[in-house]
Amino acid sequence: MVPKAIIMAHSAIFRIFEICMVSSPFGKLKTAPAEKPGRGGFRSNPFSANSPVFVYILAPQQGVVNFARQVSAGWASFQPFWGKPLAFSYQFWYIIVSFTKAYAIAHNGEHNAIVLGETMIVLEVMVMLVSAKEMLQKAKAGHYAVGQFNINNLEWTKAILLTAQELNSPVILGVSEGAGKYMTGFKTVVGMVNGMLEELKITVPVALHLDHGTYEGCLKCVEAGFSSIMFDGSHYPIDENVEKTKELVKIVAEHGMSLEAEVGSIGGEEDGVVGMGECADPDECKRIADLGVDMLAAGIGNIHGPYPANWPGLSFETLAAVQEKTGEMPLVLHGGTGIPEDMIKKAIDLGVSKINVNTECQLSFAAATRKYIEEGKDKIGKGYDPRKLLAPGFEAIKATVKEKMELFGSVGKA
Ligand code: 13P
């Protein structure tokens, strides 16, 4: 048994969400009862059952994500962590369980645990961002898609997270570099999202993902604590796209993050970048997919923003050819606004596992806000209070996200 007093002493000194001790025969982690829902910091069991290790349990906002990344990358890359424990934000705090006989750390479904001799300590740490890798692999296998909804501010983020939780759906929060800058920087975004995961008690898988990142933007998001990034190298010659993507594959692997790459630019205009909407070359897609990225955006005639009346539709021929060359790779459909439902369903059938939606939430937010003001509601009582003024737009985003999650088939898949 671990002396309970030591645990208690640690919990008194540091902040622990919950530690409950469950007697369990060593090695029976997988069958241990899940007593309470929750998500913890450790996602894998990199230690063999007999490794004597010092176990550092981190339960911070951001630190836990970084720690989990180190853990999932294995013991060897756990070591560098020692050098910079204070590099994390002020929210960083941790407990040190300095028992030399911590035998194993494991993630057992909903719980994380440390086994010490005959005792299993089940840790209920706190919600954390996850990489998009696992949720997209599940989506690909289950023939549905996870929505990426871009965020612009607190209302957007809250509306999307609450809808995902209500519908028990995994979700990806997309942040373009422009939106990141608008929200004062990526660190603000990470702080806001992590805070909301905790305060809103979000338990569904949530990835915080850079949308259409530059190489430099990707590095900033790694540093800031995002759990996923997209490197958009589609405007580079393919060899350069391959080189830069390859470097990022290495970097994200060290941090347990997921990486999206792009081949064949998406049409339309986003943050001042105009793509011509060319269809991707399936062989180039294979070259990028083989680098070890976690998801691939291939241009198939899709466009950011509303589709023009003369839009010829998605090129399913290209999508099928890309899918054939890239096999199990989850494919990403950008420009989710305004694509007819039957095309969305066909795209999912052909291997699309992530669909990005941005403009549609902006349009529904704007329409609801316009209606409120045009009806003069801001002039009635304290209708000018931003919490009232922005409420219809907030509800409109929720409705749009719900509609999309239902269409994409991700409801109940958390
Ligand atoms: P829409 O703005 O067309 O929904 O596209 C979003 C997107 O693809 C973000 O990357």
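Just so you know, these numbers use all the heavy atoms, side chains as well, and skip hydrogens, waters and symmetry mates. Because the structure is a prediction, the values reported are computed rather than measured. When a ligand or atom number is given, it counts from 1 through the structure's own listing order.
Considering backbone and side-chain atoms alike, Gly305 places an N or O below 3.5 Å from some N or O of ligand 1. Considering backbone and side-chain atoms alike, His304 places an N or O below 3.5 Å from some N or O of ligand 1. At least one N/O-N/O distance between Asn356 and ligand 1 falls below 3.5 Å.
In the vicinity of His212, heavy-atom distances shorter than 4.0 Å reach the ligand 1 atoms 10 (O). Set against the non-hydrogen atoms of Val357, the atoms of ligand 1 under 4.0 Å away are 4 (O). For ligand 1, the atoms sitting less than 4.0 Å from at least one non-hydrogen atom of Gly335 are 1 (P), 3 (O), 5 (O), 6 (C), 7 (C), 8 (O), numbered in the order shown with element in parentheses. Ligand-side atoms of ligand 1 in range of Thr359: 1 (P), 2 (O), 3 (O), 4 (O), range being under 4.0 angstrom from any heavy atom.
Listed for the Asn356 side chain is no donor-acceptor partner under 3.5 Å among the backbone atoms of Gln148.
Smallest separation of non-hydrogen atoms from Thr203 and Gln165: N-OE1, 2.8 Å.
Summarising the local packing, NZ of Lys133 is surrounded by 12 or fewer heavy atoms from other residues, nucleotides or ligands at distances under 6.0 Å.
Only the side chain of Asp211 comes within contact range of ligand 1, with a heavy atom under 4.0 Å; no backbone atom does.
Because its NZ or CZ atom is not both nearer than 6.0 Å to the ring centre of Phe231 and within 45° of the ring axis, Lys244 does not count as a cation-pi partner of that residue.
Residues Tyr215 and Glu247 bring a donor and an acceptor atom of their side chains to less than 3.5 Å of each other.
Looking only at side-chain heavy atoms (C-beta outward), Cys279 and Glu317 stay at 4.5 Å or farther from each other.
In this structure, Gly174 has no heavy atom closer than 4.0 Å to ligand 1.
For an aromatic pair to be called close, the ring centres must be under 6.0 Å apart, and Trp156 with Phe149 fails this.
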